[in-house]
Novice: 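Okay, handing you the structure first.
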Amino acid sequence: KAGVTQTPRYLIKTRGQQVTLSCSPISGHRSVSWYQQTPGQGLQFLFEYFSETQRNKGNFPGRFSGRQFSNSRSEMNVSTLELGDSALYLCASGLAGGRVTNTEAFFGQGTRLTVV
Amino acid sequence: AQSVTQLGSHVSVSEGALVLLRCNYSSSVPPYLFWYVQYPNQGLQLLLKYTTGATLVKGINGFEAEFKKSETSFHLTKPSAHMSDAAEYFCAVSFDPVYGGSQGNLIFGKGTKLSVKP
């Protein structure tokens with residue numbers, strides 16, 4: 001069974017540009033979450049999607065947005081990039097939104113975004 | 001608000017020695033607790049989790065953790081360190097959906113980098 005796939009693995013963008021990151025969850029998983037990982041702030045929750053609906057949202061500005069498609073694939077968009085957006089962006093998928101006891105989050109390898 | 005504190009951003013042990021990584025949580029509702037490991041330039045891999053039931057949880061690669069409610073702790077241990085254990089370890093907390101929790105909304109500690117000396 002294929003794992004969580006994130007593309008691209010590495011990305012370099014210029015300040016002010018926008019970027020779209022992609023995440024393909026494990027087959028059968030309907031929940032997709034996004035996290036930002038930086039040396040200073042650690043791992044921070046961005047948002048979670050389930051069945052194409054945003055279910056939870058972290059404390060990030062509106063420049064960060066996401067969506068989920070009917071096949072559960074998800075994209076994350078960051079507009080008007082700032083230097084501080086440089087980070088490893090991790091996607092995690094899980095089974096249908098049941099109780100946490102019945103499932104766990106499986107992480108992809110991440111997309112390393114560098115803003116210059 | 002819920003939070004996770006990992007004591008020690010860096011821990012160094014000798015090969016064959018006990019590994020002890022500390023995690024304390026703060027929560028107003030019953031927590032679900034997780035330990036993840038991250039190797040360089042990789043994603044996170046689940047080592048073990050506590051949700052309900054037995055408080056001593058065994059995970060992969062010989063790791064285990066014990067949930068101690070009275071101490072609000074979930075420390076990770078391994079009896080004998082191996083060179084391949086060198087990585088960064090993250091403790092995380094979530095909650096039952098009844099309390100607004102979700103499998104996809106994890107609160108992470110800052111991480112502990114484990115070094116293993118030969």
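Nothing here was measured: the structure is a model prediction, and the numbers come from that model. Quick note on labels: first sequence line is chain A, next is B, and so on, each numbered from 1.
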Novice: Below 4.5 Å from any heavy atom of chain A, which atoms of B:Gln38 appear? Answer side chain, backbone, both or neither.
Specialist: side chain
Novice: Need one label for B:Phe90: side chain, backbone, both or neither, based on atoms under 4.5 Å from any heavy atom in chain A.
Specialist: side chain
Novice: Treating Ile, Leu, Val, Met, Phe, Trp and Tyr as nodes and any side-chain heavy-atom pair under 4.5 angstrom as an edge, say whether A:Tyr35 and A:Val32 lie in one connected cluster.
Specialist: no
Novice: Which answer fits A:Leu90, side chain, backbone, both or neither, if we ask what part of it has an atom under 4.5 Å from a heavy atom of chain B?
Specialist: side chain
Novice: Between A:Gln41, A:Arg112, A:Gln37, which residue shows the highest count of heavy-atom pairs closer than 4.5 Å to chain B?
Specialist: A:Gln37
Novice: Quick check on B:Leu44 against chain A: is it the side chain, the backbone, both or neither that has a heavy atom closer than 4.5 Å?
Specialist: both
Novice: What residue among A:Ser93, A:Ser22, A:Ser24 forms side-chain hydrogen bond (donor to acceptor under 3.5 Å, both in side chains) with A:Arg73?
Specialist: A:Ser22
Novice: Please classify the contact between A:Leu88 and chain B as side chain, backbone, both or neither, with a heavy-atom cut-off of under 4.5 Å.
Specialist: side chain
Novice: Does any donor atom in the side chain of A:Ser31 or A:Glu48 lie under 3.5 Å from an acceptor atom in the other side chain?
Specialist: yes
Novice: Parallel, tilted or perpendicular for A:Phe107 and B:Phe108, by the 30°/60° rule?
Specialist: perpendicular
Novice: When you measure from the centre of the six-membered ring of A:Phe50, is the NZ or CZ of A:Arg55 closer than 6.0 Å and no more than 45° off the axis?
Specialist: yes
